[in-house]
Amino acid sequence: MSMRRFKGQVLPAARQNNPIIHRPFQSTPDYYTKLIETYARDRELHPARLLHAHLITIGSARSTHLASKLIALYAACGQIAHARKVFDKIPQTNIRRWFALIGAYARCGFYQQAIDVFWEMQRKVSRPNKIVIPSVLKACGHLSDLKTGKKIHAVVLRFSFEFDAFVSSALIDMYSKNGRVEKAQQVFDMMVEKDLVALNAMVSGFAQHGLAREALRLVEKMQLLGLKPNLITWNSLVSGFSQKGDEALAYRIFNLMWVNGIEPDVVSWTSVISGFVHNFQNNKAFHTFKQMLSHGLCPTSNTISSLLPACAAVTDVKRGKEIHAYALAIGVEEDVYVRSALVDMYAKCGFIYDAKALFCKMSQKNTVTWNSMIFGYANHGYCNEAIELFNQMKMEDDKKLDYLTFMAVLTACCHAGMIELGESLFYLMQERHGIVPRLEHYACMVDLLGRAGKLTEAYDMIKAMPMEPDLFVWGALLGACRNYGNIDLAEVAAKHLSELEPESAGNNLLLSSLYADSGSWGNVARLKKMMMKNKLRKLPGRSWMEAA
DNA sequence: TTAGGGTTAG
């Protein structure tokens, strides 16, 4: 394809913007590299295809360097098949081509593909290249695939890669992300020269597992070793403590950053905001968000999706809309996390049609998107819509169904009194999808059976539970007994509830009203006496509404 | 090639 061929012609818009065509004399490998990197950063598939065609024409597409860049470009655009085609064109003797593919997949979030290609490499190459190991371990961490992570560790040991700092840090991270902090520590302790990345991976591992003392002690040790904690060290502490519910400690560490001359970045602020939201400190979250803006920092999609649940929690749709507008203004509204959080926020605030409109507009939906919408319908009494959406989700991609999807659809069945459907879904969840029922599912099923008056079946289900029933399970049974006047089972449920919740008066009052309904005044008096003796008082319920 | 932030539950 000659550049001159286009001279004087009216080109389609995409081609008019194509810098290759307008600047033919800069067409050096370095120029193409920069162009590919720009297209990868902006995920521009169409110009990328044109450029690839051009490189094929001029015979440069098989250069290992440019081909590796093209693989990264296609992976960034989500074009796995194209990435693979470019990989297949690189001469098979070139060992680095494996890294080009595995590394690109891992960087772009195609974790399972990265692992699959690694095993393919293992089958085809006698000695693996250690440079791919960190990328594959990263994939295992993100997928919570400890089994594969351990197999990779075995490969590391077989080929004596354990002395590589990159490999060790990646192992520490993989074990930490899979909840095996003690294994991470073993790898860390074995390292002869501990660098900042390994230390940060270990600090993060401790902090994310609630081991605040160990994390802080390691930071002190780091300083004794002459390593200065960097922004990532500080952010690991802030985020770890926030996630483990110690938002006050996270905030203290965050404030210490200023004292220590570290400039908190958007990650630091987002971690603090997220900590406040998860610990129901919504006003503090909003206040911190405002402070962050006043410091001149621009929020990211992570910040926005962290903050939206705070609006949902207090059904503050006005603030939710403001944040929605903000997301549009900064160009992150199309992010799937942001949109899922928006769907949830609108649904929880009662704006179910806005939630639906947004949901329908989304071309990319993840499990949370579907679950939020199904919960939204179920909680607003649109049970048929919830069930219909569940069926649609199952048809489109049944791998996306998780335990919360079934919670959502079972809630819909419960509200609509659809016992048979609820029972069949409870069965389907286990047999077809291999999802082990949790306490919440049992509570839902007991509620479903109880509301339909099937009290014996509900009690049989409780007795067959493989774990100890909790407040919600017994509470559902007691509520059903109240509705159907079953005193014997109500007494059983109330007894368990008083053991689980000894200071609560509500359950005894429910039982008392059941006795009263049946004219059992002696029992009413006995219960009242017991409550007075134990100083049990019903706390008044509270609710609020937003005034226009 | 390795280390830090995000959405759904009764």
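Note that these values count all heavy atoms, side chains included, but never hydrogens, waters or copies made by symmetry. Numbered from 1 within each chain, the chains take letters A, B, ... in sequence-line order.
Residue contacts for A:Leu137: at a heavy-atom cut-off of 4.0 Å it reaches no nucleic acid atom on any strand shown. Contacts of A:Lys177 with the nucleic acid, taken as non-hydrogen atoms under 4.0 Å apart, involve only primed sugar atoms and P, OP1 or OP2. At a threshold of 4.0 angstrom between heavy atoms, the contacts of A:Asp447 with the nucleic acid are absent. Contacts of A:Lys400 with the nucleic acid, taken as non-hydrogen atoms under 4.0 Å apart, are absent. At the heavy-atom level, A:Thr300 lies under 4.0 Å from base atoms of the strands shown. Base contact: A:Tyr403 has a heavy atom under 4.0 Å from a base atom. Contact annotation for A:Asn366: base contact, defined as any heavy-atom pair under 4.0 Å involving a base atom. Residue contacts for A:His441: at a heavy-atom cut-off of 4.0 Å it reaches no nucleic acid atom on any strand shown.
Atom-to-atom, CG of A:Asp344 to C1' of B:dG6 comes out at 13 Å; the value is rounded to the nearest Å. When rounded to the nearest whole Å, the span between CD of A:Glu333 and C1' of B:dG6 equals 16 Å. At whole-Å resolution of the value, CG in A:Leu196 and P in B:dT2 are 15 Å apart. A:Ile323 has its CD1 atom 13 Å from the C1' atom of B:dT7, to the nearest Å. In this entry the distance linking CG of A:Leu342 with P of B:dT8 reads 12 Å, nearest Å.
Side-chain nitrogen and oxygen atoms of A:His278 include at least one within less than 4.0 Å of the OP1 or OP2 phosphate oxygen of B:dT7.
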Hey, can you pull the donor-acceptor pairs under 3.5 Å for the side chains in residues 267-275 of chain A, sequence neighbours left out?
unit_1	atom_1	unit_2	atom_2	d
A:Ser268	OG	A:Asn235	OD1	2.7
A:Ser268	OG	A:Asp265	N	2.9
A:Ser268	OG	A:Asp265	O	3.3
A:Ser268	OG	A:Asp265	OD1	2.9
A:Thr270	OG1	A:Val266	O	2.7
A:Thr270	OG1	A:Thr303	OG1	2.9
A:Ser271	OG	A:Val267	O	2.8
A:Ser274	OG	A:His278	ND1	3.4

Determine all donor-acceptor pairs shorter than 3.5 Å in which one atom belongs to a side chain in residues 342-350 of chain A; sequence neighbours excluded.
unit_1	atom_1	unit_2	atom_2	d
A:Asp344	OD1	A:Lys348	NZ	3.1
A:Asp344	OD2	A:Lys348	NZ	2.7
A:Tyr346	OH	A:His324	ND1	2.7

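The side chain of A:Met407 sits closest to B:dG10 out of B:dT2, B:dG10, B:dG5. Of the candidate nucleotides B:dT8, B:dT1, B:dG6, B:dT8 has the atom lying nearest to any side-chain atom of A:Asp402. For A:Asn200, the side-chain atoms get nearest to B:dA3 when compared with the rest of B:dT7, B:dA3, B:dG10.
Among residue pairs with one or both ends in residues 189-202 of chain A, none qualify as salt bridge (Lys or Arg N to Asp or Glu O under 4.0 Å); sequence neighbours excluded.
Within residues 251-268 of chain A, the residues that place at least one heavy atom under 4.0 Å from DNA chain B are, in residue-number order, A:Asp265, A:Val266, A:Val267.
In this structure, the side-chain contact (heavy atoms from CB on, under 4.5 Å) partners of A:Leu410, at least two apart in sequence or on a different chain, are A:Leu425, A:Phe426, A:His441, A:Cys444, A:Met445. Taking the side-chain hydrogen bond (donor to acceptor under 3.5 Å, both in side chains) definition, one finds that A:Asn230 meets it with A:Asn200, A:Thr233, sequence neighbours left out.
The aromatic rings of A:Phe254 and A:Tyr251 sit parallel to each other, their planes meeting at less than 30°, with 60° as the upper class boundary.
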